[in-house]
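Heads up: the structure comes next, in structure tokens.
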Amino acid sequence: MSMIVNSILKTEGLSKTFKVGFWGRSVTAVHGLDLDVHKGEVFGFLGPNGAGKTTTIKMLMGLIYPTSGQAWLFGRPIGDQESKARLGFLPESPYFYDYLTGLEFLQFYGHLFGLRGVALGKRIDELLELVGMSHARHLQLRKFSKGMLQRVGIAQALINDPELVVLDEPMSGLDPVGRKEIRDLILRLKESGKTIFFSSHILHDAEVLCDRVAIILKGRQVACGRVSELIDEGATHSVEVVVEGLGPEGLARLRQLADRVIVQGTQVLAVLPSSQHVGPVLEIIRGARATLVSLTPQKGSLEDLFIREVKNKQPELREAV
Amino acid sequence: MRILSIALNTFRENLREKLLYNLLFFALLMIGSSILLSRITLGDYHRLILDLGLASINLFGVLIAIFVGIGLVSKEVDRKTIYTIVSKPIPRYEFLLGKYCGLVITLLANTVVMVAGLLIVLQVMDVPITSLVFKSLALILLELMVITAVAVLFSTFTSATLSAIFTLAVYVIGHLSGDLKEFARKLDDVSQMAVNAIYYTLPNLERFNLKGHVIHHLDFGMADMALTLAYGLTYAAFLLLLASVIFQRRDFQ
Ligand SMILES: Nc1ncnc2c1ncn2[C@@H]1O[C@H](COP(=O)(O)OP(=O)(O)OP(=O)(O)O)[C@@H](O)[C@H]1O
Ligand SMILES: [Mg+2]
């Protein structure tokens with residue numbers, strides 16, 4: 001029972017097929033997606049460009065209708081007005097009424113939730129402060145930079161103090177400082193008990209932020225789980241070796257064992273697929289009378305996993321990543 | 001009162017439209033030019049001023065309704081500003097009604113300016129201002145409400161350009177619909193049915209035209225007024241209902 005109560009966002013076999021072009025050719029952007037986001041977690045929705053992240057989020061937000069499958073927010077079917085009241089949403093590269101000032105913009109969205117007067121004024125002050133945009137309250141949105149738009153966009157998503165915050169690529173278009181600020185903001189939201197669902201293809205962000213992630217490729221889910229488990233599960237545990245003074249013969253033998261070899265002057269850097277290859281490589285080094293400079297085991301990362309999944313499941317996508 | 005928030009925001013957006021001011025300028029120019037024309041015209045200049053004034057208010061009102069109205073919904077979809085609104089707890093029909101009301105407020109404000117211009121001209125030229133003039137103006141506004149509803153309906157499912165063309169067509173045919181019925185009589189059965197179908201579905205916009213009454217001092221009683229009002233409002237409501245149904249089913253891509 002508790003699972004049902006805890007499930008903030010759930011999809012079952014969610015699919016979307018678009019008709020494109022004059023002949024109405026079918027393009028399936030999302031294919032039988034099963035997601036289950038629990039209360040209080042930060043959930044990363046990851047995938048390369050064109051994977052179907054935005055399409056999924058648009059279905060969840062009631063902007064487009066699923067071709068098949070079902071989805072629930074707070075246990076209610078999507079589109080339900082009551083669950084929308086508990087929801088905050090930041091679209092991908094957000095577009096807003098650019099003739100409004102920061103203040104008017106947030107007032108407008110506040111009014112849509114029936115907020116007024118002093119309470120709304122206070123909420124807007126808090127939010128502008130939170131996203132570091134207090135200085136722009138009387139500036140028209142048309143004069144905002146991309147990063148500033150992203151920030152008031154987030155403020156807009158939080159105006160109703162939502163329980164679930166859905167962010168489509170919240171970090172895109174932001175500089176490193178801005179990215180860090182958004183990361184901190186997401187963690188602060190999590191601390192205050194909110195559930196956060198965000199899409200991204202910046203894996204580092206996801207790795208430090210998310211409790212769980214789902215990875216989709218071409219509209220299909222290829223992995224889902226805790227970040228640490230996913231990384232460990234199929235992690236390569238590759239080893240990086242740097243060798244000095246390896247002759248051409250040794251280099252040729254090294255190439256056969258290593259995933260990747262980079263020659264830089266007299267030094268050679270090789271990435272070995274696993275620690276089992278270390279022994280044979282040491283043999284080669286000894287045989288060539290070369291010097292071992294360093295030997296570093298590589299920790300698996302979400303990026304490795306991501307690239308591996310892309311390579312395994314969709315060879316034709318390799319170039320895209 | 002979410003509808004009101006959306007309406008006021010729409011009104012504010014419309015006020016930024018340069019086209020609006022250009023159209024308003026030309027309307028006032030035409031209304032004013034009747035002073036000049038009346039000096040070089042022999043005979044009944046009262047008639048000319050009233051005719052030209054009311055016609056200008058009608059025509060420019062319609063142009064504003066069409067050219068501002070068609071972008072009303074499609075612009076929100078194209079610019080994706082609708083994303084953050086539809087994801088809020090607002091039924092789509094409320095959004096649509098809000099946009100509609102916003103445009104009606106815009107039209108009302110414009111009409112007030114044009115009417116002020118007309119009243120000044122009438123005053124200056126010593127043309128008697130009768131209650132019929134006001135009845136005529138009220139019905140012009142009603143016609144604009146119907147045309148706006150037509151524009152909103154089209155803009156929920158076609159591009160801005162096509163909506164403009166269709167709405168303009170409805171406006172023109174709507175004014176010819178009396179002739180349309182005459183015309184149908186001369187046709188074979190099948191064509192007659194088709195033309196009659198058009199006649200009965202499109203609004204009969206001539207019902208809102210009281211220029212003849214104003215000029216010839218014909219009476220248009222309160223009962224007629226109420227009937228016409230009911231006709232216009234029902235027609236607009238029906239169009240908006242249809243627009244809501246279409247809008248509800250749409251994917252915002
Ligand atoms: N309205 C549409 N009509 C036709 N095809 C569409 C439409 N919207 C999306 N698609 C297709 O669906 C696929 C998924 O697109 P989507 O925008 O969901 O990807 P994404 O994961 O958000 O990518 P990105 O990281 O670039 O934002 C793409 O192949 C895209 O071309
Ligand atoms: Mg996207």
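Order of the sequence lines fixes the chain letters, A, B, ..., with proteins taken first and strands second; residue numbering starts at 1 for each chain. As the structure is a prediction and not an experimental result, all values here were calculated from the model. The figures here come from the full heavy-atom set of this structure, side chains too, leaving out hydrogens, waters and symmetry mates.
- If you measure heavy-atom distances from L4(B) to chain A, you find no contacts under 4.5 Å at all.
- Contacts between residues 243-253 of chain B and chain A, defined by a heavy-atom separation under 4.5 Å, are made by Q248(B), R249(B), R250(B), D251(B), F252(B), Q253(B).
- Contact of F108(A) with chain B is made through the side chain alone, with heavy-atom distances under 4.5 Å.
- The six-membered or imidazole ring of F45(A) lies away from that of F198(A), with a centre-to-centre distance of 6.0 Å or more.
- In this structure, chain B has a heavy atom under 4.5 Å from the side chain of L100(A), while its backbone stays farther away.
- How far OG of S172(A) is from CG of L167(A): 11.0 Å, rounded to the nearest 0.5 Å.
- Of all the listed residues (E94(B), E76(B), R92(B), M1(B)), the one sharing the greatest number of non-hydrogen pairs under 4.5 Å with chain A is R92(B).
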Begin from the C-alpha positions of Y65(A) and K16(A) and carry the test side chain to side chain donor-acceptor pair (under 3.5 Å) through to its verdict.
CA-CA 8 Å; Y65(A) 293 100; K16(A) 180 70 186 179; over 6 Å; no
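- In this pair, Y171(B) and H175(B) present their aromatic rings perpendicular. The plane angle is above 60°, beyond the 30 to 60° band.
- Considering only residues two or more places apart in sequence or on other chains, S159(B) meets the side chain to side chain contact (heavy atoms under 4.5 Å, CB included) condition with T161(B), L162(B).
- Residues of residues 9-34 of chain B that come closer than 4.5 Å to chain A, counting heavy atoms only, are N9(B), R12(B), E13(B), R16(B), ordered by residue number.
- The ring pair (Phe, Tyr, Trp, His ring centres under 6.0 Å) check on F166(B) picks up F154(B), with sequence neighbours excluded.
- Between the side chains of D98(A) and Q140(A), no donor-acceptor pair is found at a separation under 3.5 Å.
- Of the N and O atoms on the side chains of D205(A) and S200(A), not one donor lies less than 3.5 Å from an acceptor on the other residue.
- Ring planes of F43(A) and F197(A): parallel class, angle under 30° (limits at 30 and 60°).
- Side chains of H138(A) and E104(A): no donor on one and acceptor on the other come within 3.5 Å.
- With a 4.5 angstrom heavy-atom cutoff, L63(A) touches chain B via backbone and side-chain atoms both.
- Of the N and O atoms on the side chains of T158(B) and S163(B), at least one donor lies less than 3.5 Å from an acceptor on the other residue.
- Annotation for Q81(A): atom CD counts as buried by contact number, over 12 foreign heavy atoms lying within 6.0 Å.
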